[in-house]
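Note that the structure is predicted; figures quoted are calculated from it, not measured.
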Amino acid sequence: MVVNQQGWQVITSLGVFIILALPAIHQLSKGTLDVASSTDATHNPTSMPISMVSSAVPTASTVPTVRAAVSSKQVAPESLQGAKDVSVIPTRPPRQWKGEVLVPVQTARGEKRIRPPVRQCQAHGGVRHADESSRPRYLGCVGGSLTGDRTQQRSTTGPSGCVKQCEQHHLTAMSGNGACACLVAIPNTLTRLPEKECKETAVYGHASFPFPLNHKVAPTLQEIDVFMFVSERLASLWTTCRMTNHSSQYNYNVFDMRFQTTPEEFVELIAPARPNPKIIVYNSCCTPPYALEHWPASSILVVSGDESARWGFSHKNGKNWWGPHGDQGPLPSDSSGNMIMPPHSTPFFKQYFSQKHVEVYGDAVRFLPLGSRTEFPDPEAGATPATMRQFIFSFMGAPTNYIRKYLFEVFREDTAVPKDQIYMHLADHWSTDPNDASTGYVNSTTYAAIMRESAFTLCPKGNSVEQYRIYEALESASIPVICHEGKYARDRLPPEIIESPILFVDDWKDAPKAIMELWNNPARLLKRQIELAEWYDKYMRGRVKDLEASLEVK
């Protein structure tokens, strides 16, 4: 075969392109967002005190930054820009997995077929579990007086009779030394005693937590369709059914709509053909302007994946942010370069709180929690009291921020926290698959088990201070520890979280002392744990109610 000079030039150019593109392709394949953790099951928590954790942690300069391939703008056919003749809407045949039966949708242009729901989530109806978690249980060995203004003395002796009598009055029981007291409030004067020194003095009470809820569902509940155009990771709030855990009104049908349709076909044909109220979830990078301009009725927009809080804004240097790019994008913008939301697309909801979004969009923007990752197990019906947990605190994560290396240095030098009662592990690098042993992650099962045995969970920021780890800790009844870092946390966490019983510190150097002050006072620790669990249940119910009420108005 003879190749002329022009042919060689083409081949040479192609070769150079491939060589230059390899580093970028490698970066994309590595991924970047902050996964809250998880390693292989062979890791033994008790065999990894902090002093054994490697200090070879990537610095901020070596941590890969967030990148994603952004598809080119899709331009609607001319007929859609004017009369919107739906007969010419381009269609994309859905991917059909082997053995999968597609769901027919009767649209204005005939039958379309989409993949069936990947998850059907049932509302728990607000009914709490009536199992062992609601029974009094041993809360730990303490020292202190059984008398005082905040106690009611009882004549019954012995733990069983004492607990039974106090329970009739919905009070916590303390039994010891032949006496019984029902605590109106857990006194702060109690002190922790080693288990080996504990003879008769013990505390019993309702160390029960208000989640998860009972799975019995009223058959008459209405349904909401959730259409997701995001990856499995960003879809975890919906695919884990965390929203319906706190809903008493709706069951959710969760559809994965990726690779099935175009924005035009979806908003013009498929969405109107489904009679249920709709939640439409887009990645912040890829929210199609056409969908916003032609937003379907009875639908709420949810924007996910905006860790850097830049969706809808213009870069101060004129560079495009992800999403409809403020004054650099296809939609109108205000004098400050912020995208103006089409009225019919509001209110809209975002994951990852941002005070700037509140200042720009006011009440038109609401916020939803991240929830737990897809791999994190469902919350257990009962939780171990913080006073009885194996670890004072734990942290398991990836080196997505230099702060995490600093955190390891703080606790290496600290002498207040017993090293054999903490668990810290840093993965080799961030990965989308926490169950891939080659990444050095703690696998999901072990990760959850350690968190459920930790009184506190350290939550240093990764790509954002808001992270899945916070919600996984809350579901585990483990108290999250978060650093304010000046005004950063207040700007990037909802006010409800800032004001919650979560433990906040001004600097990570303050964390050991703050943690041990609570750990050494079992009464305060237990009180904080239960208050936090009750707050989280109330917070989640409020978020769900806001979302569902917004849908009802639409």
Would you say [Y] and [X] are linked by a side-chain donor-acceptor pair, where the criterion is simply a distance under 3.5 Å?
X	Y	value
Thr457	Ser478	yes
Glu307	Tyr352	yes
Asn463	Thr400	no

Residue pairs involving residues 224-244 (criterion ring-ring contact (aromatic ring centres under 6.0 Å, His included); sequence neighbours excluded): Phe227-Phe255, Phe227-Phe266, Phe229-Phe266, Phe229-Tyr282
Within residues 503-517 or reaching into it, pairs that qualify as salt bridge (Lys or Arg N to Asp or Glu O under 4.0 Å) - sequence neighbours excluded: none
Residue pairs fulfilling salt bridge (Lys or Arg N to Asp or Glu O under 4.0 Å) with at least one residue in residues 243-254, sequence neighbours excluded: none
Would you say the side chain of [Y] lies within less than 4.5 Å of the side chain of [X], judging by non-hydrogen atoms?
X	Y	result
Arg242	Asp378	yes
Leu532	Pro480	yes
Tyr488	Lys461	yes
Glu375	Asn435	yes
Asp537	His246	yes
Leu474	Met540	no
Asp491	Lys356	no
Leu237	Leu370	no

Using only atom types and a distance under 3.5 Å, with no angle test, would you say the side chain of [X] pairs donor to acceptor with the backbone of [Y]?
X	Y	value
Arg404	Ala398	yes
Ser454	Ile450	yes
Ser500	Ile497	yes
Arg119	Thr239	yes
Gln421	Ile392	no
Asn520	Met516	yes
Ser394	Met451	no

Those residues that, when tested against Phe504, pass ring-ring contact (aromatic ring centres under 6.0 Å, His included) (two or more places apart): His484
Listed partners of Phe349 passing ring-ring contact (aromatic ring centres under 6.0 Å, His included), at least two apart: none
Check against side chain to side chain contact (heavy atoms under 4.5 Å, CB included), Asp306 and His357: CA-CA 11 Å; Asp306 187 25; His357 278 94; 3.6 Å; yes
Quick check for you: to the nearest 0.5 Å, what is the distance between [X] atom [atom1] and [Y] atom [atom2]?
X	Y	atom1	atom2	value
Ile502	Arg528	CD1	CZ	9.5 Å
Phe456	Ile479	CZ	CD1	4.5 Å
Ile482	Glu466	CD1	CD	9.0 Å
Leu493	Ser354	CG	OG	11.0 Å
Ser476	Arg469	OG	CZ	12.0 Å
Glu499	Trp535	CD	CH2	10.0 Å

Sole candidate of Glu552, Gln122, Glu548, Glu223 that passes side chain to side chain donor-acceptor pair (under 3.5 Å) when paired with Tyr250: Glu552
Six-ring centre of Tyr423, Arg452 cation under 6.0 angstrom, axis tolerance 45°: no
Partner of Arg373 under salt bridge (Lys or Arg N to Asp or Glu O under 4.0 Å), chosen from Glu475, Glu472, Glu232: Glu472
Side chain to side chain contact (heavy atoms under 4.5 Å, CB included) between Asp546 and Phe367, worked out: CA-CA 9 Å; Asp546 188 17; Phe367 293 91; over 6 Å; no
Candidate pair Leu458 and Ile515, rule side chain to side chain contact (heavy atoms under 4.5 Å, CB included), full reasoning: CA-CA 10 Å; Leu458 307 184; Ile515 289 172; 3.9 Å; yes
Pair Phe393-Phe411, ring-ring contact (aromatic ring centres under 6.0 Å, His included): steps then yes or no: CA-CA 11 Å; Phe393 71 79; Phe411 282 98; 4.5 Å; yes
Criterion side chain to side chain contact (heavy atoms under 4.5 Å, CB included) on Val465 and Glu485, from CA distance to verdict: CA-CA 10 Å; Val465 66; Glu485 296 189 49; 5.6 Å; no
Which residues share a side-chain hydrogen bond (donor to acceptor under 3.5 Å, both in side chains) with Arg492, sequence neighbours left out: none
Parallel, tilted or perpendicular: rings of Trp311 and Phe348 (30°, 60°): tilted
